Amino acid sequence: MQITQLRNATVLLEFQSQGRPVGLLVDPMLAPRGSLPALRYLGRGRQRNPIVEMPGGTDALLERVTHALITHCQRGHFDHLDRAGKRFLRERQIPVICMPRDADYLAQRGLLVWPLAGPARQPWALGGHVTPIPCVHGTGWVGRFMEHGHGYLLELPGEPSVYLAGDTMLTSTVRDCLARLQPEVSVLPAGGARFDVGAEILMDAADMAEAAQLAHGTLVVNHLQALDHCPTTRAAVRQLAVDGGWADRLWVPEDGDSRSFPCRAAVDCY
């Protein structure tokens with residue numbers, strides 16, 4: 001499997017399914033720099049989003065997209081599916097895999113929707129199995145305004161298992177997924193996102209250190225340095241890993257970076 005970090009939570013997973021290449025685009029936010037609203041309003045650091053452009057070569061990567069996967073998309077969460085992302089999926093009639101809750105919302109916007117059956121582990125159209133893992137995208141009063149969504153554990157034939165966490169805190173459910181299911185690759189958000197008031201609504205660098213103790217596979221960390229309300233930097237995560245002795249299992253990609261993840265042994269593949 002090859003994973004390419006595009007920007008923020010938007011990643012491209014490429015693998016073979018039934019002898020055909022699959023390009024699975026996760027949570028497409030494709031808007032140009034500064035074309036979306038700010039998410040913080042106080043202080044001199046306020047910026048319109050996204051705060052960086054898409055990386056060079058994005059158009060060529062998008063040509064390889066065959067399917068999309070959405071973790072959450074309602075209640076104004078444009079950083080996981082914006083207008084440009086919807087337009088791309090709609091114009092190319094890319095099949096969009098999502099939870100049942102999001103199916104009508106996406107279909108009303110002209111997208112070709114392939115809803116999952118529900119929250120349980122299940123076979124899916126791309127081969128193997130998918131297990132939705134519930135997200136908690138903020139707690140307390142701020143959590144009432146958030147769309148909590150789901151991450152996904154993907155078990156694909158001949159590939160390492162991959163956990164795409166979605167936007168979530170490091171909850172007991174997420175801890176259980178990492179510790180008990182032991183994904184070979186875990187794609188986790190570490191932006192430490194927060195608004196002008198209220199607590200964090202996303203994992204941060206310290207949570208990555210705990211995740212590294214729970215999961216024995218590779219941690220791929222994203223949701224960094226693309227939005228104005230995510231203060232965690234790539235350098236901070238990398239330094240924490242060096243200090244904690246788990247840097248050999250960490251990949252903090254720059255936007256546009258790609259890496260291949262083969263199975264370490266036959267028993268590690270689905």
Side-chain angles (χ1 to χ4, degrees), residues 4-12 25-62 65 68-91 96 102 105-106 108-111 135 137-138 141-149 164-169 187-205 221-237 252-257:
T4 301
Q5 168 67 25
L6 289 175
R7 183 180 59 187
N8 196 53
T10 306
V11 298
L12 178 64
L25 183 66
V26 182
D27 287 350
M29 178 182 67
L30 305 180
R33 177 181 179 180
S35 61
L36 300 171
L39 292 169
R40 301 196 73 166
Y41 293 90
L42 303 178
R44 291 181 295 177
R46 179 190 178 194
Q47 302 180 67
R48 286 182 61 84
N49 289 299
I51 62 175
V52 294
E53 293 285 7
M54 296 295 287
T58 294
D59 289 346
L61 289 167
L62 293 179
V65 171
L69 181 65
I70 303 299
T71 63
H72 62 298
C73 57
Q74 299 188 52
R75 294 192 178 186
H77 285 256
F78 60 74
D79 59 321
H80 289 257
L81 181 63
D82 61 5
R83 289 183 180 179
K86 293 172 191 171
R87 183 169 59 251
F88 170 80
L89 298 174
R90 181 172 55 248
E91 290 178 350
V96 179
D102 293 324
Y105 174 89
L106 295 171
Q108 289 169 9
R109 283 147 183 84
L111 303 189
C135 296
H137 194 8
W141 67 267
V142 72
R144 299 177 185 177
F145 298 94
M146 304 302 292
E147 182 70 14
H148 295 286
L164 301 162
D167 274 8
T168 187
M169 308 291 289
V187 182
L188 306 177
R194 65 187 307 160
F195 300 114
D196 293 313
V197 294
E200 289 183 353
I201 58 173
L202 197 66
M203 289 189 274
D204 59 15
V221 178
N222 68 0
H223 218 304
L224 299 170
Q225 296 178 257
L227 299 174
D228 68 332
H229 71 324
C230 291
T232 306
T233 65
R234 292 178 172 89
V237 179
V252 186
E254 301 291 331
D255 292 346
D257 285 354

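The first residue of the sequence shown is numbered 1, and numbering continues consecutively from there. Because the structure is a prediction, the values reported are computed rather than measured.
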Reference residue Val11; test side-chain contact (heavy atoms from CB on, under 4.5 Å); the match among Asn222, Leu69, Asp27, Leu25: Asn222
Closer than 3.5 angstrom, by distance alone: can the side chain of Arg7 be matched with the main-chain N or O of Ala226 as a donor-acceptor pair? no
Between the main-chain N or O of Ala190 and the side-chain N or O of Thr232, is there a donor-acceptor pair closer than 3.5 Å? yes
Does any part of the side chain of [Y], heavy atoms only, come nearer than 4.5 Å to the side chain of [X], both counted from C-beta?
X     : Y      : value
Cys73 : Tyr105 : yes
Val26 : Val187 : no
Met54 : Asp255 : no
Thr71 : His80  : yes

Could you list the donor-acceptor pairs under 3.5 angstrom formed by side chains in residues 29-38, with sequence neighbours left out?
residue	atom	partner	partner atom	Å
Arg33	NE	Ile51	O	3.1
Ser35	OG	Pro32	O	2.7

Supply the atom-to-atom distance [X] [atom1] to [Y] [atom2], rounded to the nearest 0.5 angstrom.
X      : Y      : atom1 : atom2 : value
Ile70  : Asp102 : CD1   : CG    : 8.0 Å
Leu202 : His223 : CG    : NE2   : 5.0 Å
Thr233 : Gln225 : OG1   : CD    : 5.5 Å
Asn8   : Asp82  : CG    : CG    : 10.0 Å
Asp204 : Met169 : CG    : CE    : 7.5 Å
Leu106 : Leu81  : CG    : CG    : 6.5 Å

Using the salt bridge (Lys or Arg N to Asp or Glu O under 4.0 Å) criterion, which residues pair with Arg83? Sequence neighbours excluded. none
Side chain to side chain contact (heavy atoms under 4.5 Å, CB included) for Asn49 and Asp79? Distances and angles first, verdict last. CA-CA 9 Å; Asn49 289 299; Asp79 59 321; over 6 Å; no
Write down the atom of [X], the atom of [Y], and the distance for their closest heavy-atom approach.
X      : Y      : answer
Pro28  : Leu89  : CG-CD1, 4.0 Å
Gln5   : Pro253 : CB-CG, 3.6 Å
Pro189 : Ala165 : CD-CB, 3.8 Å

